Protein chains: 2
Amino acid sequence: MASSRREHLVDTALELFSREGYHATGIDRILAEAGVAKMTLYNHFKSKDELILAALRRRDERFRNWFMRAVEGRAKTPRARLLAIFDVLQEWFDSKEFNGCTFINASAEFGRPDDPIHGACAEHQQLVQGYLGELAAAAGATDPEALAGQLMLLMEGAIVMRHTAGRRDAAIKARGAAEILVERALD
Amino acid sequence: MASSRREHLVDTALELFSREGYHATGIDRILAEAGVAKMTLYNHFKSKDELILAALRRRDERFRNWFMRAVEGRAKTPRARLLAIFDVLQEWFDSKEFNGCTFINASAEFGRPDDPIHGACAEHQQLVQGYLGELAAAAGATDPEALAGQLMLLMEGAIVMRHTAGRRDAAIKARGAAEILVERALD
DNA sequence: CCAAATATATACAGACTTGTATGTATCGAA
DNA sequence: TTCGATACATACAAGTCTGTATATATTTGG
């Protein structure tokens with residue numbers, strides 16, 4: 001398969017970047033873990049930054065896919081889905097491979113707003129908030145974007161409180177706040 | 001002065017770590033910027049990690065001091081102070097030297113929960129939330145810790161939305177959500 | 001004023017970084 | 001089965017990293 005190695009390389013890189021960080025993970029480590037030669041990497045990507053970007057794109061695609069399916073599988077009405085968000089988040093937090101948000105972490109290491117890597121992180125957040133906006137609109141919110149923005153604040157806040165502060169119940173607490181905000185927004 | 005160089009070293013390190021990141025900032029860069037010899041650093045700190053810890057301690061002290069004073073200078077009643085939090089946050093976001101939260105960023109690079117650096121970040125969050133709890137109690141909340149937890153979620157969420165997603169009005173939006181939560185918690 | 005503590009500059013060790021160069025082997029399709 | 005693309009291993013360049021060693025200079029306290 002032509003691009004099978006490329007895929008495997010991106011997967012391995014994503015895994016290591018998420019666990020160990022971006023600067024802390026060297027190219028050689030990724031290659032050893034993936035069992036791929038260095039020239040194969042530089043044949044597919046022109047630099048480490050390009051590999052990071054590919055890993056972030058994959059993470060974005062996978063995460064949003066998983067997230068949307070999980071939310072929609074867990075609750076049927078649009079309103080219930082606005083709250084199910086936080087049950088799904090909590091499930092993520094409880095999983096063994098939780099290492100914080102890939103994008104929050106990446107934008108911490110690549111802090112300049114004009115860095116393409118930082119831009120990819122902003123784009124991801126935009127897409128997630130867009131999804132929340134769709135849910136809010138389906139639930140009949142008068143100002144779907146405003147509600148989505150509020151829920152987004154709670155989501156990101158929960159991720160930080162789980163990862164940085166180690167609060168295991170961060171998403172449950174966020175759900176409590178979301179219930180109040182959703183109730184207020186839907187009347 | 002005995003510890004004047006140490007202080008200057010920590011200040012310079014904090015500045016560079018905040019702007020450029022922790023792994024991305026080399027010891028030599030800090031020394032050059034501070035105008036200090038390498039042996040002076042290793043006389044005061046036994047490793048780079050120790051210097052990072054010292055920088056985080058200084059940042060925690062300075063930030064909480066500034067934050068509490070700013071909140072209390074901006075509003076007089078406990079209830080108003082619970083909302084003034086977000087005005088102060090917005091002021092921070094608008095400042096030129098905003099590079100995200102030092103502690104969120106550090107815990108992104110030092111992701112293992114048992115890492116002392118990660119621990120220092122968790123401690124900082126705990127102290128900030130403690131302050132919010134005091135404000136909530138003074139405002140007469142029936143469950144001050146619960147309200148503090150909710151406001152903390154909005155605070156951290158706002159920081160992420162400002163830094164990672166580039167939302168310049170993140171704190172203003174968070175204030176809107178906080179108004180609803182505070183109103184609900186104080187009756 | 002002298003002695004002890006502290007800071008200095010320079011050099012270095014040893015490991016690590018990204019990216020390139022080179023020659024060999026493997027694999028898929030014509 | 002032969003040709004071309006792709007992947008391989010190895011070596012290397014040129015620079016970075018943290019931390020140590022050494023010898024000289026400066027500052028500070030008694």
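Quick note on labels: first sequence line is chain A, next is B, and so on, each numbered from 1. A quick note: this is a predicted structure, and the numbers were derived from the prediction, not measured.
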Engineer: Counting primed atoms plus P, OP1 and OP2 as sugar-phosphate and everything else as base, spell out the protein contacts along nucleotides 14-23 of chain D at 4.0 Å heavy-atom distance: B, S or - for each nucleotide, 5' to 3'.
Structural biologist: ---SBBBBB-
Engineer: Distance check needed: dT6(D) C1' versus Leu41(A) CG, whole Å only.
Structural biologist: 14 Å
Engineer: Output all residues satisfying ring pair (Phe, Tyr, Trp, His ring centres under 6.0 Å) with Phe93(A), sequence neighbours left out; order by chain, then residue number.
Structural biologist: Phe98(A)
Engineer: Using only side-chain N and O atoms of Arg5(A), determine if any of them is under 4.0 Å from OP1 or OP2 of dC8(D).
Structural biologist: yes
Engineer: Got a sec, which residues hit ring pair (Phe, Tyr, Trp, His ring centres under 6.0 Å) with His163(B), two or more places apart in sequence or on another chain?
Structural biologist: His118(A)
Engineer: Suppose we screen for ring pair (Phe, Tyr, Trp, His ring centres under 6.0 Å). Which residues come up paired with Phe86(A), at least two apart in sequence or across chains?
Structural biologist: none
Engineer: Pull out every residue in residues 112-121 of chain B that has a heavy atom closer than 4.0 Å to any atom of DNA chain C, ordered by number, or say none.
Structural biologist: none
Engineer: Which pairs, with at least one residue in residues 164-187 of chain A and sequence neighbours excluded, count as a ring pair (Phe, Tyr, Trp, His ring centres under 6.0 Å)?
Structural biologist: none
Engineer: Nearest-Å distance, CD (Glu50(A)) to C1' (dG19(C))?
Structural biologist: 14 Å
Engineer: I'd like to check the ring pair (Phe, Tyr, Trp, His ring centres under 6.0 Å) partners of His8(B); sequence neighbours left out, ordered by chain and number.
Structural biologist: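 Partners of His8(B) under the ring pair (Phe, Tyr, Trp, His ring centres under 6.0 Å) test: none.
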Engineer: May I have the list of side-chain donor-acceptor pairs in residues 180-187 of chain A shorter than 3.5 Å, sequence neighbours left out?
Structural biologist:
residue: Glu183(A); atom: OE1; partner: Arg184(B); partner atom: NH2; Å: 3.1
residue: Arg184(A); atom: NH2; partner: Glu183(B); partner atom: OE1; Å: 3.1

Engineer: Between Thr40(A) and dT6(D), does any side-chain N or O lie under 4.0 Å from OP1 or OP2?
Structural biologist: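 For dT6(D), neither OP1 nor OP2 has a side-chain N or O of Thr40(A) closer than 4.0 Å.
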Engineer: Between dC8(D), dT8(C), dA7(C), which nucleotide has the shortest distance from any of its atoms to the side chain of Ala37(A)?
Structural biologist: dC8(D)
Engineer: Under 4.0 Å between a side-chain N or O of His44(B) and OP1 or OP2 of dT6(C)?
Structural biologist: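 No, outside the criterion.
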Engineer: What integer distance in Å separates Leu31(A):CG from dT20(C):P?
Structural biologist: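 Rounding to the nearest Å, CG of Leu31(A) and P of dT20(C) are 14 Å apart.
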Engineer: List for me each residue that meets side chain to side chain contact (heavy atoms under 4.5 Å, CB included) alongside Ala165(A), sequence neighbours excluded, and say none if there are none.
Structural biologist: Met161(A), Arg167(A), Gln125(B)
Engineer: Kindly say whether the aromatic ring centers of Phe67(B) and Trp92(B) come within a distance under 6.0 Å.
Structural biologist: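 They do not qualify: ring centres at least 6.0 Å apart.
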